[in-house]
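By convention in this document, chain letters (A, B, ...) are assigned in the order of the sequence lines, proteins followed by strands, and residues within each chain are numbered from 1.
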Amino acid sequence: MVDLSVQIGDLRLKNPIMPASGTFSEDLATMLDINTLGALVTKTITHGIRQGNPTPRVCEVAGSMLNSIGIPSKGVDYFRNVTVPYYQAYDSPLVVSISGNTTDEFAQLCEAVSVPGVAAIEVNISCPNIEEDGKAFAMRPSSTLDVMRKLRAATDLPLWAKLTPNTGETSDVARAAQEGGADALVVCNTMLAMSIDVQSRKPRLGNLMGGLSGPSLKPIALRMAYQCAKAVDIPVIGCGGISTTEDVLEYLIAGASAVQVGTATFINPTAMIRIIAELEAYMVAYNFSKMTDIINSVRDEEAADTVVFMETAP
Amino acid sequence: MVDLSVQIGDLRLKNPIMPASGTFSEDLATMLDINTLGALVTKTITHGIRQGNPTPRVCEVAGSMLNSIGIPSKGVDYFRNVTVPYYQAYDSPLVVSISGNTTDEFAQLCEAVSVPGVAAIEVNISCPNIEEDGKAFAMRPSSTLDVMRKLRAATDLPLWAKLTPNTGETSDVARAAQEGGADALVVCNTMLAMSIDVQSRKPRLGNLMGGLSGPSLKPIALRMAYQCAKAVDIPVIGCGGISTTEDVLEYLIAGASAVQVGTATFINPTAMIRIIAELEAYMVAYNFSKMTDIINSVRDEEAADTVVFMETAP
Amino acid sequence: MVPANEQVFETECQVISNSPVNNDYRLLVLAAPAEILNCTPGQFFHLQCPVREGLQPYLRRPMSIYGYFPEKGELQFLYKIAGTGTAALATLAPGEPLNVVGPLGQGFDIRDDWQNLLLLARGVGLATLAPLALEAHKRGKTLTAICSARSPEMLMSIDYFRDLGANIITVTDSEETSGLENLEKLIEGLIATNGIDAFYTCGSNRLLKLLQTLGARHNISGQIALEQQMACGLGMCQCCVRSFQSPTGIVHKRVCKEGPVFDLQEAMGW
Amino acid sequence: MVPANEQVFETECQVISNSPVNNDYRLLVLAAPAEILNCTPGQFFHLQCPVREGLQPYLRRPMSIYGYFPEKGELQFLYKIAGTGTAALATLAPGEPLNVVGPLGQGFDIRDDWQNLLLLARGVGLATLAPLALEAHKRGKTLTAICSARSPEMLMSIDYFRDLGANIITVTDSEETSGLENLEKLIEGLIATNGIDAFYTCGSNRLLKLLQTLGARHNISGQIALEQQMACGLGMCQCCVRSFQSPTGIVHKRVCKEGPVFDLQEAMGW
Ligand SMILES: Cc1cc2nc3c(=O)[nH]c(=O)nc-3n(C[C@H](O)[C@H](O)[C@H](O)COP(=O)(O)OP(=O)(O)OC[C@H]3O[C@@H](n4cnc5c(N)ncnc54)[C@H](O)[C@@H]3O)c2cc1C
Ligand SMILES: Cc1cc2nc3c(=O)[nH]c(=O)nc-3n(C[C@H](O)[C@H](O)[C@H](O)COP(=O)(O)OP(=O)(O)OC[C@H]3O[C@@H](n4cnc5c(N)ncnc54)[C@H](O)[C@@H]3O)c2cc1C
Ligand SMILES: Cc1cc2nc3c(=O)[nH]c(=O)nc-3n(C[C@H](O)[C@H](O)[C@H](O)COP(=O)(O)O)c2cc1C
Ligand SMILES: Cc1cc2nc3c(=O)[nH]c(=O)nc-3n(C[C@H](O)[C@H](O)[C@H](O)COP(=O)(O)O)c2cc1C
Ligand code: FES
Ligand code: FES
């Protein structure tokens, strides 16, 4: 018998496969038994009600996509009154993704969602901090440390910090998040990108720019997950461009303890359950009994010592 | 008659298409008349002789590639004695790409390559600065300003600063490069990335990590080129993932005055001459007479004011 | 947990045929299992268009159900080549697989007390309205279909509607009969002679406005199928929203989930 | 500016045939213009493998020239399915286009004063050595080919070599004749009876070492064709380097430009 379960801080997940925030909702239950997933991660919510960005909110780029949804949110009350009760029917742990424009707003929301039925809070610190020139909290170690400390003080639930690839200081930011009290890191969110329609000369997204996700992001996000796994002691949850079981293995080997699947679900809504089945078959075929046989098994040897902290391409 | 020429500071290029550093050499003359190109950009050279990184130096990722060549170099003497004379046979301007581990080494090399026959110097400030925790000069505004000032003092030739995408401070770095004396910006170099072979569990590149180039990089590099064109007054030369004439138009519309074609030449060695021909045909078809009819014609309107300086994905 | 008629499937179907209907449109016929053919007119599928040299669509493409026939196990789409995805779709040969997700969204509603239905369709809109016509026929409704096109040769599905006993009126640009003024006169005529209980239309801003005006004037209900860029098609990503009038002000609804069929008066021009 | 024989072309060729030779290898025959068939044995082409559903190679794949026939306008490759690119190559049907870049690299050298040549080849190495055998035959050289394989059924191109009048010796793993010891004995025998002026081989570390030893022992020249990951194939990207012995110490050379054929004694094991 193979055991697919993984440990993320105090939380035991039945398998390492879960959806990425914003690419999953109750609606996926129309297609598959979401109770088979390792965890259930909500779209990021904000404290108040928000409409989100102008359309078009998505566009396709070579083998991947851009989005600029803009966190439309029904607010915290809807979450507590409707979303949490809905997920009571499932035993896969509910992870709520939250975000705020200021540290205080963020911390208040963190407290407000710390209700029974919520297993962990994923803090989307890849969103702009309007108190500090609009850069995302997770772009700098200092603002990361700051916001994580306040969030830590606001809840006793496990805190997962979701990092951004839009930084040159991945390792430092990861350490700051750990120091600030994160129980795990989710690595990573989308990469800021742009596309222009040559005919109309207009940006393809209503909001001018948006986030790159899908296969193009994978080598970048994998590099970050690897850097983070080397930099911190808390678990890393890999995210970015995963669409096959091989992609999952790449992240696990690089040091991630679990992974999130995002855009791939748009292409194949049943991708996650297929991956879970394939992962189990892989374990059997290669005689692995538990996930820790795979996690962090990268053969980086000498190379790792010299270039782990390299944050620039040659 | 359409005029494809563009102005990059004091330099007039016969057309906006040139190779990207490291993806071109004299060897391309075995395939096409390199004199048809807007400029001829060398692989980055260093002062001394260097061997470069261990193999494998390249690997393929979804629809793109990673490389970690590591700047093997025959040194400055070879450049002056062999390379410069070789290019005398061509009238397309010779642009030499240089790099150094320290500011002083960089500046010395900049002076040493300022010889007749060289039309401009592209300073690859995307390389690690060993004086400052190994981060690339162009990852931070301060180190960018610093190195650009020294380089400016070292030569009277036009200086093109080549930026890195491995930063969260694109606009600030662009302004620092301009302030430091750059005559143009090349936007951008490769994005730090990684790939692991699941069978062997080894990193696919001998050097563990490498730079992502090709189509996957395009939406990221285009966003940066757009940000830079908004942030500075000097010309921007777009680079990243260009393989079609439409890609070129996207960069020009976004504000780039010229572009560099890199990885696409590996896939289709004749890509650049095909693009030049197609660009001319496009101008004729759409009744444009000069490149400035296209450059910076993006219809970003209101959107631009609010989110140009956004450096994070929503 | 999910009611059977809300169940959505990801299924690999097999192409039976894929051939041009006229210069612009093609008909794709798939062999499909009965379980995915429990559809409502107006619903759509999300198609994973094939990857070809030089045509590499990434996201799925939404396509209205043109025909669903559980008895013979067939699923049909009527489509126009618009770009990469549909161009790739057009290369599919009989026997090749096509991965489809669906049926998706909310379809048209035919209230029992509605008898005289008016369809107003142009181009791809016919694809969306065809199964509605069939359903109306099955339920013994009286159907009038105003079919609009650039020119008489471009008119599609006329025979199909005629076989369903529909009263067909064709209007075309080349004959200068498709203008708003003429349409208004036509429809006012229909209302005056037989009476109309409901309007059904698709997509166009121009037709939306006209039917909204006529509907308000004569208190006639109506529904419209709308389009929007989609990623997931399942209601998860929030990218496909449009604005709608509601008692509480303007609200966003997801075209893939609350739509693609919406109340005519709630829909907003764009 | 570039001498005619150094000119490299990017050309769209047409597939004439593409069929299995045995369980592991396939032969691809292309219709090619004469201008690109001015080749030297040992040179290679860089192939843009086609894009298929689930098989989307990005970089080109290097492939030795198995045969080039300017008279009949044919270019041939013998290949083994190793991964994405070669799997995609195997799907090419007659009539389909294939974009090739070449001819590339430095081929084998047959010095006029060399008469008795020994080829030592296994697997894909045969593809590389086949045109050398033809050239040797044309130039009236005496050729011995030691062909190695897993088992007798896997031996390839035997008839081809035989038709060229080569003296053929086959060794296989299943018959336990392909071991180093046996090979050494065999070659020592050949040297003792007829004498050998030059060795030619490909790829394997094991064979390289053996021939280096024998070459040094008897002062026999030799050449080896090597492989390395490639991006540009033209000498521009510096990714395909290998280490070589040189009078000034260990140097890097580009397999695509200074190679793929190198002096046997300069080559280094890996
Ligand atoms: C609910 C619904 C039903 C539809 N039914 C039909 C139908 O029956 N027949 C038909 O021919 N067309 C239909 N369409 C439009 C069809 O989806 C587009 O023509 C198609 O997606 C174009 O893809 P492309 O790659 O060929 O074009 P491109 O322009 O290259 O597409 C680029 C991107 O834009 C999206 N896009 C482009 N046009 C539209 C559009 N009109 N609506 C939504 N997304 C779009 C594509 O999905 C893709 O992601 C329908 C659209 C929707 C939303
Ligand atoms: C000069 C030269 C001549 C060759 N001649 C032949 C031949 O005649 N017949 C034949 O079957 N094979 C030959 N090879 C090997 C052939 O290039 C590889 O088998 C092929 O590139 C594998 O590609 P893939 O996508 O199928 O495999 P994958 O393993 O998926 O390839 C992944 C990447 O690694 C590279 N790669 C994998 N194996 C090799 C290799 N051995 N050498 C260089 N790059 C490799 C690929 O090009 C690709 O970029 C030759 C290689 C070289 C360098
Ligand atoms: C349409 C869409 C919406 C997203 N919304 C959110 C969000 O609300 N909060 C968040 O943290 N990440 C959001 N993301 C980012 C994903 O969670 C994930 O980090 C990213 O897409 C990379 O993974 P992928 O390549 O597997 O999609 C969104 C991504 C997409 C494509
Ligand atoms: C093999 C390879 C080698 C490169 N070497 C250099 C280099 O020496 N100096 C440099 O500034 N950029 C170098 N680059 C980066 C390219 O110049 C270019 O910025 C990058 O590849 C993005 O463009 P592309 O997507 O068109 O390839 C190299 C890129 C590749 C693929
Ligand atoms: S397409 Fe994702 S919510 Fe409608
Ligand atoms: S493959 Fe580029 S130098 Fe050899």
Side-chain angles (χ1 to χ4, degrees), chain A residues 19-35 42-44 49-74 86 89-90 204-206 210 213-216 243 262-271 273-274, chain C residues 1-12 36 45-49 51 54-62 83-85 88 99-105 226-243 248-258 268 270:
Chain A
S21 175
T23 65
F24 170 77
S25 71
E26 300 88 304
D27 302 292
L28 195 61
T30 58
M31 293 223 49
L32 52 92
D33 179 4
I34 60 174
N35 212 26
T42 71
K43 165 88 184 162
T44 298
I49 295 170
R50 288 165 50 129
Q51 288 279 21
N53 287 338
T55 55
R57 289 178 173 187
V58 287
C59 74
E60 187 166 313
V61 291
S64 288
M65 66 173 279
L66 307 187
N67 87 81
S68 178
I69 309 289
I71 317 195
S73 172
K74 294 185 176 153
Y86 171 87
Y90 300 95
R204 279 208 157 88
L205 292 177
S213 66
S216 295
S243 62
T263 309
T265 295
F266 299 168
I267 311 303
N268 294 108
T270 54
I273 49 171
R274 188 196 68 224
Chain C
M1 304 195 167
V2 175
N5 66 341
E6 286 184 18
Q7 181 78 40
V8 179
F9 304 88
E10 180 180 344
T11 311
E12 194 140 298
I36 76 169
F45 274 82
H46 217 19
L47 313 186
Q48 187 169 23
C49 305
V51 167
L55 290 176
Q56 298 175 38
Y58 175 67
L59 295 170
R60 286 177 182 263
R61 303 296 195 256
T84 311
N99 184 307
V100 308
V101 167
L104 294 166
L226 295 173
E227 298 187 358
Q228 182 60 288
Q229 304 266 350
M230 291 187 183
C232 74
L234 289 165
M236 304 189 294
C237 73
Q238 315 264 13
C239 79
C240 64
V241 296
R242 282 190 170 275
S243 299
T248 60
I250 291 172
V251 294
H252 279 168
K253 292 185 181 176
R254 295 166 296 182
V255 170
C256 76
K257 191 78 186 182
E258 284 82 43
M268 293 176 68
W270 53 92

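We find the CG-SG distance between A:D27 and C:C232 to be 7.5 Å, quoted to the nearest 0.5 Å. With rounding to the nearest 0.5 Å, the separation of CE in C:M236 from CZ in A:F266 is 5.5 Å. Within the model, atoms CD of C:Q238 and CG of A:N53 stand 12.0 Å from one another, a figure rounded to the nearest 0.5 Å.
The shortest distance between side-chain heavy atoms of A:M65 and C:L59 falls below 4.5 Å. Taking the side chain as every heavy atom from C-beta outward, C:V251 and A:Q51 never approach each other to under 4.5 Å. Using a 4.5 Å heavy-atom threshold, the side chains of A:T30 and C:K257 count as touching. A heavy-atom distance below 4.5 Å is not found between the side chains of C:L234 and A:T265. Within the 4.5 Å cutoff, the side chain of A:R57 has no heavy atoms near those of the C:Q229 side chain. The side-chain heavy atoms of C:C239 and A:I69, taken from C-beta on, include a pair separated by under 4.5 Å.
For C:V241, the parts lying near chain A are the backbone and the side chain together; criterion is any non-hydrogen pair under 4.5 Å. Heavy atoms of C:L47 lying under 4.5 Å from chain A are absent altogether. The part of C:Q48 that comes within reach of chain A is its side chain, from C-beta onward, which places non-hydrogen atoms under 4.5 angstrom from that chain.
Checking A:T270 against C:E10 by side-chain atom types alone, a donor-acceptor pair falls below 3.5 Å.
Salt bridge annotation for C:R60-A:E60: absent, with no cationic side-chain nitrogen under 4.0 angstrom from a carboxylate oxygen.
Considering only heavy-atom pairs separated by less than 4.5 Å from chain C, the leading option among A:T263, A:V58, A:D33, A:V61 is A:V58. Most heavy-atom pairs under 4.5 Å with chain A, from the set C:S243, C:G235, C:C240: that is C:G235. Highest contact tally toward chain C, considering only A:G52, A:P19, A:A62, A:S64, is held by A:S64 [criterion: heavy-atom pairs under 4.5 Å]. Note: A:G63 leads A:P56, A:C59, A:G63 in heavy-atom pairs under 4.5 Å with chain C.
Summarising the geometry of A:G214 relative to C:Y58, their closest heavy-atom pair is CA-OH, 3.8 Å, with the distance given to 0.1 Å.
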Criterion side-chain contact (heavy atoms from CB on, under 4.5 Å) on C:R242 and A:T55, from CA distance to verdict
CA-CA 8 Å; C:R242 282 190 170 275; A:T55 55; over 6 Å; no
